Number of protein chains: 2
Amino acid sequence: MTTTDREVENRLQQHQVRYTTGRRAVINSLAGAPGPRSAAELHAEIGTSVPLSSLYRSLTVLEEFGVVQPHFGAKGITRYELAEWLKGHHHHLICINCGSVDDIELPHPIEQQVRALVGDIGSMASFMPINHALEIEGRCGSCL
Amino acid sequence: MTTTDREVENRLQQHQVRYTTGRRAVINSLAGAPGPRSAAELHAEIGTSVPLSSLYRSLTVLEEFGVVQPHFGAKGITRYELAEWLKGHHHHLICINCGSVDDIELPHPIEQQVRALVGDIGSMASFMPINHALEIEGRCGSCL
DNA sequence: TTCCTTGCAAACGATTTGCATTGGA
DNA sequence: TCCAATGCAAATCGTTTGCAAGGAA
């Protein structure tokens, strides 16, 4: 059992929600992925023994209790990834050719700059920033 | 006829694509909106005389010729906005309470910083950045 | 036992498409 | 004129849900 596994187990226990085999499979699959994953992708990776509807339900409760978070992509496809407290704050590199979405963690000083910018923007526009995401579209290493 | 209207007309003409009444309605609606709009929202604003399927088709060709660009949001809803060359480069303030998406244009020096960051990230990750979007989630003025 | 969770199939909602008709250059 | 564009209805596809069966405390 990995650390992530244990942390998720604790979090769910605190809410009296069961950490079942299906939910565990989703978490482990996401923990090993380099970026957000859609229900269909998880279905392919985990194996078709777990029906799609169950995956969707697992993702729904995992999101509800702050374990995973959604990312909305092209063609109306929602991909999920582990929440920041499990995976760390990061941004996304989105390939306009193959559609892949990869995580990127900014060097601390740069992330600080972004954070400061977001704060400034908030006060500039009477908007209270809670979260931010720098999404960079372009061509990934395999598609150059 | 507005300037935007004329610019779109030229762009489409260059591609021998007709700038029809339906397409014109989409452009004018988007030109007057403070943020991206979904097909359903356009349908409501333009009037139900133009069927949804036609709106989708209009949006598809307008996107194909670089006149509008999509933004992917929660619940698999795609919203469109005028392309940057018509509307200017900007970012989005997304309200987690009411779901509204508003445009925000960064002061030039700040936008420069973001641009520089994106460039750095690209070389850091062997990724060729083409576009970037700083999406800020939080609570909008009406939902504070 | 008593709920929570899962499987299956049907239902949904956003978007797409086939086909016959209309309309603009 | 003549092909592109539109309307309508049916089809797709990702996602959700009702209901009965299975499983953990």
Side-chain angles (χ1 to χ4, degrees), chain A residues 8-27 29 36-65 67-81 99 101, chain B residues 1 5-6 8-29 36-65 67-81 99 101:
Chain A
V8 172
E9 184 169 54
N10 289 338
R11 166 77 77 122
L12 293 185
Q13 244 166 27
Q14 285 165 14
H15 291 277
Q16 302 126 61
V17 173
R18 294 180 195 154
Y19 192 27
T20 62
T21 312
R23 294 170 186 175
R24 223 174 265 274
V26 167
I27 294 300
S29 189
R37 288 285 172 265
S38 68
E41 289 164 345
L42 291 172
H43 189 239
E45 186 174 329
I46 291 174
T48 53
S49 59
V50 178
L52 265 176
S53 64
S54 294
L55 286 183
Y56 279 112
R57 274 199 266 238
S58 290
L59 290 168
T60 301
V61 309
L62 291 173
E63 180 184 0
E64 187 178 355
F65 293 102
V67 175
V68 304
Q69 60 188 39
H71 174 266
F72 308 108
K75 290 198 241 165
I77 290 178
T78 302
R79 287 168 216 269
Y80 289 86
E81 56 188 344
V101 181
Chain B
M1 198 203 262
D5 224 22
R6 203 179 311 280
V8 172
E9 184 169 55
N10 289 337
R11 166 76 77 121
L12 293 185
Q13 244 167 27
Q14 286 166 13
H15 291 276
Q16 302 127 62
V17 173
R18 295 179 194 158
Y19 192 26
T20 61
T21 312
R23 293 170 187 176
R24 223 173 266 273
V26 168
I27 294 301
N28 288 329
S29 188
R37 290 285 172 264
S38 67
E41 289 162 345
L42 291 172
H43 189 239
E45 186 174 329
I46 292 174
T48 53
S49 59
V50 178
L52 266 175
S53 64
S54 295
L55 286 182
Y56 280 112
R57 273 198 268 236
S58 290
L59 289 167
T60 302
V61 312
L62 291 172
E63 180 184 359
E64 187 178 356
F65 294 101
V67 175
V68 304
Q69 61 188 39
H71 175 265
F72 308 108
K75 289 197 239 165
I77 291 180
T78 302
R79 288 169 216 268
Y80 289 86
E81 56 187 345
V101 181

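Order of the sequence lines sets the chain letters (A, B, ...), proteins ahead of strands, with each chain counted from 1. Source: prediction; values computed, not measured.
At least one donor-acceptor pair under 3.5 Å links the side chain of Arg11(A) to the backbone N or O of Phe65(A). Side-chain N or O atoms of Arg23(A) include one that pairs as donor or acceptor with a backbone N or O of Arg18(A) at under 3.5 Å. In this structure a side-chain-to-backbone donor-acceptor pair under 3.5 Å is missing from His43(B) to Pro51(B). With hydrogens and angles ignored, the 3.5 Å screen pairs a side-chain donor or acceptor of Thr60(B) with a backbone N or O of Tyr56(B).
Contacts between residues 49-62 of chain A and DNA chain C, counted as heavy-atom distances below 4.0 Å, involve Pro51(A), Ser53(A), Ser54(A), Arg57(A).
In 5' to 3' order, the nucleotides of DNA chain D bounding all contacts with chain B (an atom under 4.0 Å from a heavy atom) are dC3(D) to dA9(D).
Annotation: side chain of Leu59(A) is not in contact with side chain of Thr78(A) (no heavy-atom distance under 4.5 Å). Annotation: side chain of Tyr80(A) is not in contact with side chain of Pro36(A) (no heavy-atom distance under 4.5 Å). In this structure the side chain of Val61(A) never reaches within 4.5 angstrom of the side chain of Val67(A), judged on heavy atoms.
Residue Arg23(A) places at least one side-chain N or O under 4.0 Å from the OP1 or OP2 atom of dT6(C). One finds no side-chain N or O of Thr78(B) lying less than 4.0 angstrom from the OP1 or OP2 phosphate oxygen of dA14(C).
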| Test log, rule side chain to side chain contact (heavy atoms under 4.5 Å, CB included), inputs Arg24(A) and Tyr19(A) | CA-CA 6 Å; Arg24(A) 223 174 265 274; Tyr19(A) 192 27; 3.4 Å; yes

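End-to-end axis angle for the helix from dT1(C)-dA25(D) to dA25(C)-dT1(D), using five pairs per end and rounding to 10°, comes out at 30°.
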